[in-house]
Amino acid sequence: MNIAQKFRTIDQRVAAAAHQSGREAASVRLVAVSKRQSVAAMREAYAAGCRDFGENYVQEWVDKAAEMADLDGIRWHHIGRLQRNKVKLVLPLVDLVHGVDSLRLIEAIDLRAGAAQVRCTALIQVNLGEEESKSGCRPGDLRELLEAASRCEHIDLRGLMAIPPPGDRTESSFQQLASLREAHGGASILPELSMGMSHDFEKAIAAGATIVRVGSAIFGHRV
Ligand SMILES: *Cc1c(COP(=O)(O)O)cnc(C)c1O
């Protein structure tokens, strides 16, 4: 299958998984993770209907976005670890920042967004594995971060994001993120749950994901 066919297949599987859990297809957004993929590959996905792209590395993304400036309607997602000194570069491009995980990053985003007179739409990333090396806040710190972000005039907080630890407990990790949302105000306050990747997006949707981030299943191996 070429990239266009793979994109359409994944898109259909997302819709089917949404229907399986009694939701409309439009309630789950498919983000095509295009880090370390070529502009040519991304254009193939765009031609097949893809509008949401996820990028991790800011400089690579800025370069590719410039090359794709002729394409209308793209929504860019920043899904990786965001360094505070890159916030300024990210704000003019980004539709949704998935990886907000510290008070200092919240402050930097609010300050920069204020200076640019924009509002930044963001998710708080939770580290469900509680591994030292991974990004994401500890579940125990979530309340403090949510309160801080909700006080920021230039941040529009929309929900939670997680990358479950590797292994066969991903289903319970998805449930865990959904439960954390319930414990912190529920879907009316935090409408988005960004969870699920190439190998487990259907399980994530069954657990309530509203955004899935799929890379290799659409684009193949990264270069
Ligand atoms: C790379 C990446 C993905 C996509 O992973 P695949 O296994 O290729 O689908 C999703 N989310 C994040 C945060 C990533 O860094």
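All ligand and atom numbering here is 1-based and tracks the order in the structure. Keep in mind it's a predicted model, so treat the numbers as computed, not measured.
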Q. With a distance cut-off below 6.0 Å to the six-membered ring centre and an angular limit of 45° from the axis, does Arg51 pair with Tyr46 as a cation-pi contact?
A. yes

Q | Check: His77 ring centre within less than 6.0 Å of His98 ring centre | A | yes

Q. Take atom NE2 in His199; do more than 12 heavy atoms of anything else shown fall under 6.0 Å from it?
A. no

Q | atom 12 (C) of ligand 1: nearest protein contact (heavy atom, Å) | A | Ile79 CD1, 3.5 Å

Q | ligand 1 atoms in contact with Arg222 (distance to a heavy atom under 4.0 Å) | A | 1 (C), 8 (O)

(Q) I'd like to check which ligand 1 atoms, numbered from 1 as shown, lie under 4.0 Å from a non-hydrogen atom of Gly215. (A) 4 (C), 6 (P), 8 (O), 9 (O)

**Q.** Ligand-side contact atoms (ligand 1) for residue partner Asn56, heavy atom cut-off under 4.0 Å
**A.** 14 (C), 15 (O)

Q. What atoms of ligand 1 come within less than 4.0 Å of a heavy atom belonging to Ile163?
A. 13 (C)

Q | Element-labelled atoms of ligand 1 that are located less than 4.0 Å from some non-hydrogen atom of Arg213 | A | 4 (C), 9 (O), 10 (C), 11 (N), 12 (C), 13 (C)

Q. Salt bridge between Arg158 and Glu192, side-chain N to carboxylate O under 4.0 Å?
A. yes

Q.
Within ligand 1, which atoms have a heavy atom of Val33 less than 4.0 Å away?
A. 1 (C), 2 (C), 3 (C), 4 (C), 10 (C)

Q: Within a distance under 4.0 Å of any heavy atom of Val214, pick out the atoms of ligand 1 and give their elements.
A: 9 (O)

Q: Please write down residue, atom name and distance for the protein heavy atom closest to atom 10 (C) of ligand 1.
A: Met197 SD, 3.1 Å

Q. So, for Glu60 and Ser34, which heavy atoms are closest and what is the spacing to 0.1 Å?
A. OE2-O, 4.0 Å

Q: Consider only side-chain N and O atoms of Ser216 and Arg222, and report whether a donor and an acceptor are under 3.5 Å apart.
A: no

Q | Shortest protein contact, atom 14 (C) of ligand 1 (heavy atom only) | A | Lys35 NZ, 3.0 Å

Q: With rounding to the nearest 0.5 Å, note down the distance linking CD in Gln175 to CG in Leu128.
A: 11.5 Å

Q: Could you tell me whether Ser216 and ligand 1 have an N or O pair separated by under 3.5 Å?
A: yes

Q. Which residue owns the protein heavy atom closest to atom 6 (P) of ligand 1, what's the atom, and how far is it?
A. Ser198 OG, 3.5 Å

